[in-house]
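So you know, we letter chains A, B, ... as the sequences are listed, proteins then strands, and number each from 1. All values below come from the heavy atoms of this structure, side chains included, with hydrogens, waters and symmetry mates left out.
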Protein chains: 2
Amino acid sequence: MKFATPTSTVLYSIEETIKAYRRLSQQNISSIVPDITVDQALILIIIDREDKTQSEIADLVFKDYASITRIIKLMLNKNYLTKTIDDADKRKAELKITQIGKEIIEKLNPVIKKNREIALNTLSEQDIKQLFEILNKITQNCKKNSK
Amino acid sequence: MKFATPTSTVLYSIEETIKAYRRLSQQNISSIVPDITVDQALILIIIDREDKTQSEIADLVFKDYASITRIIKLMLNKNYLTKTIDDADKRKAELKITQIGKEIIEKLNPVIKKNREIALNTLSEQDIKQLFEILNKITQNCKKNSK
DNA sequence: AGTATTTACTTGATATATCAAATAAATATT
DNA sequence: AATATTTATTTGATATATCAAGTAAATACT
């Protein structure tokens, strides 16, 4: 049973693209805030924009609860965040950005904006719309057949 | 400086798609060969199809040399592969699939084919062509601006 | 009320990602 | 030939991914 080489499929291209974007993002982020990862930055921004529990964050960024626990822990150690027990539901954590965290977000905002602009620079509105739609088809296909 | 929530960009959709596909793939692979990962399977197949050095493999699958070293090591432990020193250039490794490895590849081939079919099921030829092109634009944009 | 189930989160084990530093062999340079 | 540089791979440290098992609080059920 011989068929297309793995490296000739679109799914391989998707991997390539996301890795290229992650590399670009990490490089530019590191040049402004040396000690933060792309994932930490994303989660920091999400917490800043809206109060979320860890499991809500996990669902939002497609990560495992375990990963979120560890990523949060690293940011607690760096004092970007505080974590307290939710009074209304003691299983839940209340996450708040510290002043340090806020300053980092301010520094990151323009970098993140620029990263997106660089990545999507040569794309038309139409390209982006189509990309959304096609990716969504694939995602739905995969989700329907797993879990 | 307020701008689009990270979770509203296509780049986020790309992440979502690739994770959904990886999950589907791992589930279906595990149901046939319980002790192999998606990454190991990919690399095993690449080695089987063409003799490649570790660094060539790394470049091909967008992974770090260090990652390849470790992935190979795990497959050596499971006797999917043998590794010997290349006679012509003693820095290089010669990787060969064992009988066990070959049998695993035979089992995996239909699963991998099916995973792709599931993922791309609802896409037209046109969709796939466009997806390739748009992803390639993004990849080029990112690569031009990093490294 | 007491038990069972679910929910939110944590921890452990193992695989992979990334960067930096190290080793050894091959190649280039003087 | 001796030294410098490059290439192929490895190792260490730390971050993240994934699965399984565990804890504690909240909710549902009898």
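- Classification of A/Lys19 and B/Asp64 as a salt-bridged pair fails, no side-chain N sitting under 4.0 Å from a carboxylate O.
- Counting to the nearest Å, the C1' atom of C/dT16 and the CD atom of B/Gln26 are 12 Å from each other.
- The CD1 atom of B/Ile138 sits 10.5 Å away from atom CD1 of A/Ile14, with the distance rounded to the nearest 0.5 Å.
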Provide a list of protein-nucleic acid N or O atom pairs under 3.5 angstrom, restricted to nucleotides 10-14 of chain D.
residue	atom	partner	partner atom	Å
D/dT10	OP1	B/Lys83	NZ	2.2
D/dT10	OP2	B/Gln54	OE1	3.4
D/dT10	OP2	B/Gln54	NE2	2.7
D/dT10	OP2	B/Thr69	OG1	2.9
D/dT10	OP2	B/Lys83	NZ	3.3
D/dT11	OP2	B/Lys73	NZ	2.7
D/dG12	N7	B/Arg70	NH2	2.5
D/dG12	O6	B/Arg70	NH1	3.3
D/dG12	O6	B/Arg70	NH2	3.3
D/dA13	N6	B/Arg70	NH1	3.2

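- B/Thr69 has its side chain within reach of B/Gln54: a pair of non-hydrogen atoms, C-beta onward, lies under 4.5 Å apart.
- Of the candidate nucleotides D/dT9, D/dT16, D/dA25, D/dT16 has the atom lying nearest to any side-chain atom of A/Thr37.
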Write down the protein N/O and nucleotide N/O pairs, taken from nucleotides 1-7 of chain C, whose separation is under 3.5 Å; answer none if there are no such pairs.
residue	atom	partner	partner atom	Å
C/dT7	O4'	A/Arg91	NH1	3.4
C/dT7	O2	A/Arg91	NH1	2.9

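- Comparing A/Lys78 and A/Asp87 by the nucleotide of DNA chain D that holds the closest heavy atom to each, the one mapping nearer the 5' end is A/Lys78.
- Using a cut-off of 4.0 Å between Lys/Arg side-chain N and Asp/Glu carboxylate O, B/Lys137 and B/Glu133 are scored as not salt-bridged.
- Summarising the local packing, CD1 of B/Ile85 is surrounded by 12 or fewer heavy atoms from other residues, nucleotides or ligands at distances under 6.0 Å.
- Checking the phosphate oxygens (OP1, OP2) of D/dT16, a side-chain nitrogen or oxygen of A/Gln40 falls inside 4.0 Å.
- Every pair tested for salt bridge (charged side-chain N to carboxylate O under 4.0 Å, His left out) that includes a residue from residues 66-86 of chain B fails, sequence neighbours excluded, so the list is empty.
- In this entry the distance linking NZ of B/Lys63 with P of D/dT16 reads 17 Å, nearest Å.
- Heavy-atom contacts from other residues, nucleotides or ligands closer than 6.0 Å to CZ of B/Arg116 number more than 12.
- As rounded to whole Å, 12 Å separates atom P of D/dT9 from atom NZ of B/Lys52.
- One can place CG of B/Asp35 at 17 Å from C1' of D/dA20, the figure rounded to the nearest angstrom.
- Contact between the side-chain N/O atoms of A/Lys90 and the OP1/OP2 oxygens of C/dA8 is not found at any separation under 4.0 Å.
- As rounded to whole Å, 8 Å separates atom P of D/dT16 from atom CE of A/Met75.
- With respect to the salt-bridge test (charged N to carboxylate O, under 4.0 angstrom), the residues B/Glu16 and A/Lys143 qualify.
- One finds a salt bridge joining A/Glu117 and A/Lys113 here, because a Lys/Arg side-chain nitrogen approaches an Asp/Glu carboxylate oxygen to under 4.0 Å.
- Taking side-chain N and O atoms only, B/Thr53 has no distance below 4.0 Å to OP1 or OP2 of D/dA8.
- Rounded to whole Å, atom P of C/dC9 lies 9 Å from atom CD1 of A/Ile72.
- When the C1' atom of C/dA17 is taken as reference, atom CG of B/Asp39 falls 10 Å away, rounded to whole Å.
- Atom CD1 in A/Ile43 sits roughly 13 Å away from atom P in C/dC9 (whole-Å rounding).
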